[in-house]
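In what follows, every chain begins at residue 1, and chains take the letters A, B, ... in the order their sequences are listed. Since we're looking at a predicted model, the values are computed, not measured. Hydrogens, waters and symmetry mates are skipped; everything else that's a heavy atom, side chains included, is used.
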Amino acid sequence: MAVSNDEVAAALTELAELTSISGGDAFKARAYEKAARAVAGHQVEVRTLDAAQLRQIPGVGKAIADKIVEFCHSGTFPALEMQRTAIPAGLRQLIDIPTLGPKKALVLYQELGITSVDELVDAVQAGRLDELRGFGPKTAENIMHGVEILRHGAGRVHLDVALSAAEQIVEVIGAVPGCTRCAYAGSLRRFRETIGDVDVLAAADDPKPLMRALKAMPDVADVIASGPTKTSIRTTAGLQVDLRVVPPESWGAAMQYFTGSKAHNVGVRTIAVRAGLKLSEYGLFDAGTDELIASRTEEELYERLGLQWVPPPMREDRGEIAAAQEGTVPGLVTESDIRGDLHTHTDLTDGIASLPEMVQAAAERGYAYFAITDHAPNLYMQQMSTDKMLEQRQQVRELNRAYKRLRLLHGTELNIDPDGGVDWADDILAGFDVCVASVHSHFNQPADAMTRRLIKACENPYIHVIGHPSTRILGRRGPVAADWDAVFRAAARTGTAFEINASPNRLDLNDEHIIAARAAGVKFAVNTDAHAVPHLDNLRYGVGTAQRGWLTPDDVINTWPLRRLQAFLRDVSRG
DNA sequence: GCCGTTTTCGGCCCGACTGTTTTCAGTCG
């Protein structure tokens, strides 16, 4: 079985977590974590490397290289198995609860025998934590709140996890003889921010070989149900995948039906009914005679209903049906419209790849411009300094000469402090081509203070883009509280763009905020916030989110030609 | 467990906040 870098990284992360929960050497745990990050961000598939080559990866030494080799060969290694035996599986889940770390988890296990989130909730409710040293009422409250956040996302996975599973399955099923079409549908096709289960649709006259192929896939943990038209499996990663096979002539109707959303389909069906028609997953029919009117393509269905075709990310019953009736569905921004990334990191701060590696990757993507925006001094852990920044700027300028079609921009990701100030004085800020500014601390400010803070950042003439504006981490941290309408008005007034952070853990701004911001007149930047070369591919999730917010290329500054972008950056600098 | 022209041993991104304490451990970015 072909082990991916992500799977290797997951094993090392698990070892790191189990090591810290069991009270093992904290530096050892950190070494595993660091290696996991390096493997996840490595450009080459590590399964193709031998131990000597693996040791070339920063943070991977002899011991970890051997573990990786063993893992690629057998799917595990002795140190991991030993920790798994020592630490109950459910205990590891506890540290996914925000504010609960390895030390507290270990106390809960040793003192109260707690080995799962459910047991922890019971213990909190029974007041059993009160007797523990270091666990006061506020801790109990934070735990309960953290569990709520955790459970809110339970059973759902992030877009990247769902998409890679779906693409693998589509490739396998699509290659089965007799399969004429295969694609994923459902919330994944709509690019919702988290995915409950993956819907894969295939067209074939005989579904049996397709069902067999799915059940035979190596990642299948169990088959939940299997019939002539539908098979449901659960992957080893715990993700449910439904495969539905339809006759080729029903393809369009089935795609439309299974893409959803339910609310969108209800709206479309209502239009059908009013026209004396009925729409199902089998096609569009005359309600009186049951005569088939259309079913082969989605485009055909929408057209016969007097509608423009609606891009899947817009199918959320947020006015897209009326737009389709009026012929005003916007020409959405696509991945190929993006001419450059305006928020990326290198190993000068917390990135994995070096400046030349990141730039080379940007050139290979065919970008017209690319901004390097490493962290600024006030994020202390990154140990950035003015000297290091200036030295990097020099390197950027020199590197720029080597690339004819790629324009490098030297930028930074500033920290918006609680009062809305940022790291450097104006004369330093003026030296950057582009400044992203983000909130990295004091997430719990009251809404009025946070609103003032963000507005002040917008009003800073040197700040071009507000990075990951709500600061949420999916399944881990909610958005900050703010009067977003007031913030968006300020951004529109000052010409400050808002980021759509494409990391599948963030997707920030989200669709609803994008719609509100656009209505206020805000411009956007779809950025990856890449900390490694593979992260540049996350762009698609940001573009999908932008599409859910109905954005066109004109709304997104990093689709613009360099000159227009530079004019925008100059304008905002003038304030 | 990793790493190295101030080190092959002894360091290891550093500071702030929170909640618990009554001087600090744990968590986070």
Where protein sits on nucleotides 17-27 of chain B, one letter per nucleotide: B base, S sugar-phosphate only, - none, heavy atoms under 4.0 Å: S-SSS----SS
Using atom CD1 of I68(A) as one end and atom P of dG1(B) as the other, report the distance to the nearest whole Å. 13 Å
If we take the C1' atom in both dG26(B) and dT21(B), what is their distance in whole Å? 13 Å
Criterion salt bridge (Lys or Arg N to Asp or Glu O under 4.0 Å) on R489(A) and D483(A), from CA distance to verdict: CA-CA 10 Å; R489(A) 280 196 302 274; D483(A) 177 351; 5.1 Å; no
How far does the C1' atom of dC12(B) sit from the matching atom of dC17(B), given to the nearest Å? 23 Å
Determine whether W424(A) and Y462(A) satisfy the following criterion, ring pair (Phe, Tyr, Trp, His ring centres under 6.0 Å), listing intermediate values before the conclusion. CA-CA 10 Å; W424(A) 275 299; Y462(A) 298 101; over 10 Å; no
Under a 3.5 Å distance rule, please check whether S74(A) uses its side chain to pair with a backbone N or O of F71(A) as donor and acceptor. no
Pair D66(A) + K62(A): basic N to acidic O under 4.0 Å: yes
Non-neighbouring partners of R452(A) that pass side-chain hydrogen bond (donor to acceptor under 3.5 Å, both in side chains), sequence neighbours left out: none
Before accepting this row, confirm whether a basic side-chain N of the pair R365(A)/E335(A) lies closer than 4.0 Å to the acidic partner's carboxylate O. yes
Distance, rounded to the nearest Å, where H440(A) contributes NE2 and dG15(B) contributes P: 18 Å
Please state the P separation for the pair dT5(B) and dG1(B) - nearest whole angstrom. 23 Å
dC9(B) and dA16(B), which share atom name P, separated by this distance in whole Å: 36 Å
For atom C1', what is the distance between dG10(B) and dG15(B), given to the nearest Å? 23 Å
Heavy-atom protein contacts under 4.0 Å, nucleotides 2-9 of chain B, coded B base, S sugar-phosphate only, - none: SS------
Interatomic distance where CD belongs to E70(A) and P belongs to dG1(B) [whole Å]: 15 Å
If you pin A79(A) and F27(A) to their nearest nucleotides in DNA chain B, which one's is more 5'? A79(A)
Verdict with reasoning, H468(A) to H440(A), per ring pair (Phe, Tyr, Trp, His ring centres under 6.0 Å): CA-CA 10 Å; H468(A) 47 70; H440(A) 290 122; 5.3 Å; yes
Taking atom P in both dT8(B) and dG4(B), compute the distance separating them and give it to the nearest angstrom. 13 Å
Residue whose closest nucleotide on DNA chain B lies nearer the 5' end, D25(A) versus L379(A): D25(A)
Take atom C1' in dG11(B) and the same atom in dT18(B), then report the distance between them in whole Å. 29 Å
Name the pairing partner of dG10(B), where a pair is Watson-Crick or G-U wobble with both distances under 3.5 Å, or state none. dC3(B)
Between N378(A) (CG) and dG15(B) (C1'), how many Å, whole number? 11 Å
Euclidean distance, atom CD of residue E413(A) to atom C1' of dG29(B) [Å, nearest integer]: 11 Å
Verdict with reasoning, E193(A) to R472(A), per salt bridge (Lys or Arg N to Asp or Glu O under 4.0 Å): CA-CA 12 Å; E193(A) 58 196 34; R472(A) 71 165 178 181; 2.9 Å; yes
Ignoring hydrogens and geometry beyond distance, is a side-chain donor-acceptor pair present between D508(A) and N501(A) at under 3.5 Å? no
Whole angstroms only, please: what is the CG-C1' distance between D350(A) and dC14(B)? 14 Å
Once the angle between the rings of H375(A) and H531(A) is folded into 0 to 90°, is it parallel (under 30°), tilted (30 to 60°) or perpendicular (over 60°)? tilted
Send over the distance from I416(A) CD1 to dG29(B) P, rounded to a whole Å. 16 Å
Taking atom C1' in both dT20(B) and dC24(B), compute the distance separating them and give it to the nearest angstrom. 8 Å
I need the CG-P distance between N415(A) and dC28(B), as an integer number of Å. 19 Å
